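Protein chains get the first letters and strands the later ones, always in sequence-line order, with residue 1 at the start of each. This one's a predicted model, so the numbers in the text were calculated from it and none came from an experiment.
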Protein chains: 2
Amino acid sequence: MTDLPASPDPAELAAPPKSRREQIHEVASRLFSERGYHATSMRDLAGELGMQGGSLYAHISGKEDLLMEIVDRAARQFDAALFTLREDPRPADAKLREAMERHIRVVADNMDSATVFFHEWKHLSPGAYARVTGWRDTIDHFYRDLLRQGIAEGHFRADLDVKMGANLILSAVNWAYTWYHPGGNLTPRDVAEGYAEMLLGGLRAPAAAEPGASP
Amino acid sequence: MTDLPASPDPAELAAPPKSRREQIHEVASRLFSERGYHATSMRDLAGELGMQGGSLYAHISGKEDLLMEIVDRAARQFDAALFTLREDPRPADAKLREAMERHIRVVADNMDSATVFFHEWKHLSPGAYARVTGWRDTIDHFYRDLLRQGIAEGHFRADLDVKMGANLILSAVNWAYTWYHPGGNLTPRDVAEGYAEMLLGGLRAPAAAEPGASP
DNA sequence: CCTACCGATCGGTAGG
DNA sequence: CCTACCGATCGGTAGG
């Protein structure tokens, strides 16, 4: 109820005005994720922004650069989310929970560009393509190192197959892009904690309980 | 070293001659998986088969029908692999291993069409689209039922979140299409057993071992 | 299975 | 940011 003079549009309070370039980037992420890169025309994209196809080129240099930047940003977000955990002093199981939560949060907060990241990177030029596989290797190694740390600490099973374990964890957190609904009743934290609980403790019942026994 | 008269081409011994239609289907799976549906032209497809673009239409009715059949077949393979397990009398943990092995085997034996199944189904017409989501629901329910059975039997933890557990399992087996290499040193059975072991028993060490302690 | 072609649409540019 | 346009390519067809 407080007056805020010289601020005519209340929408401008919540978010600073987005540059046209940023708007194009955002709509492109949505369309590329919904229809795929090649099935989205520059005229489709322009239409959603209320302009003509040719007008886009006043703001961007080309369709592929748009894709490259969407994929690049997504990759950097994954990397940034996990990077600060490398030097984290906590034990491996706590770090695994935290890493999975951050990883899923990146997916959840960027459903569109995460989908583009996973589906459309093969349409990039060889240079950008190589950069993406580099990011993915970095993330893979992060989880492998984490598992090795846990084994060395004695928190994880000594007979663990590190490669396979990292694959399993990556499957869980990446696949979220196919089913997670940001507006739903599950937060990224819920998912991460549920997954970590199952992964760390296992699905199997701790003791051989009698079937049908009541407490 | 035995003579086989009236069989001039030894390649015909291993595999019966594939119909042209089947060849088209096979090459289309590969191209759609490598480049995506919309980035593959009918002329690309025809070129790989040594014919002109227009000639394809003597064998098939259209591009989308090709996609629909590839996706349909993949869906049916997943369904068929798990269907016979519904009535299997084994305990849930054994059935889970078996289901994961069969599921991963379908992915591994059909890397191309599995990739198309996971990436290109959104380009189908609404009718075919609905059919695919139906298949996916069926598979999802299979794993949920399996988890419920395991809880009822007392083999699985009673506090298990069935939906999340099914999601975790599906993540593991489906994501294999992104990294599995059919010619490599890991069989689908290796992957399934490794995954099942980690999922059932958990990553955590059974007892609190001393870090650095030697046996 | 080929040649020749159809209308439609593509990414991108010139000039304003 | 628009109008008008470029050459290229698309899925598909006619007629043989």
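Between B:G54 and A:G54, the residue whose closest nucleotide on DNA chain C is further toward the 5' end is B:G54.
Rounding to the nearest 0.5 Å places CG of B:D72 at 13.5 Å from CH2 of B:W121.
Nucleotide C:dA8 forms a pair with D:dT9, judged by Watson-Crick or G-U wobble geometry with both contacts under 3.5 Å. Base pairing of C:dG16 is made with D:dC1, judged by Watson-Crick or G-U wobble geometry with both donor-acceptor distances under 3.5 Å.
Using a 4.0 Å heavy-atom distance criterion, B:H59 is classed as a sugar-phosphate-only contact. Across all strands shown, A:T40 has heavy atoms under 4.0 Å from sugar-phosphate atoms exclusively, and none from any base. Residue A:G62 is in sugar-phosphate contact alone, with no base atom involved, counting any heavy-atom pair closer than 4.0 Å across all strands shown.
With respect to the salt-bridge test (charged N to carboxylate O, under 4.0 angstrom), the residues B:R30 and B:E26 do not qualify.
At least one test fails for B:K122 against the ring of B:Y37: distance under 6.0 Å to the centre or angle within 45° of the axis. Annotation: cation-pi pair A:R136/B:W179 absent, no NZ/CZ under 6.0 Å from the ring centroid and within 45° of its normal.
Ring planes of A:F117 and A:F78: tilted class, angle from 30 to 60°. Note on ring orientation: taking the six-membered ring where Trp is involved, the planes of B:W175 and A:W175 are perpendicular (angle over 60°, cut-offs 30° and 60°).
From the 5' end on, the contacts that DNA chain C makes with chain A at under 4.0 Å to a non-hydrogen atom open and close at C:dC10 to C:dT13.
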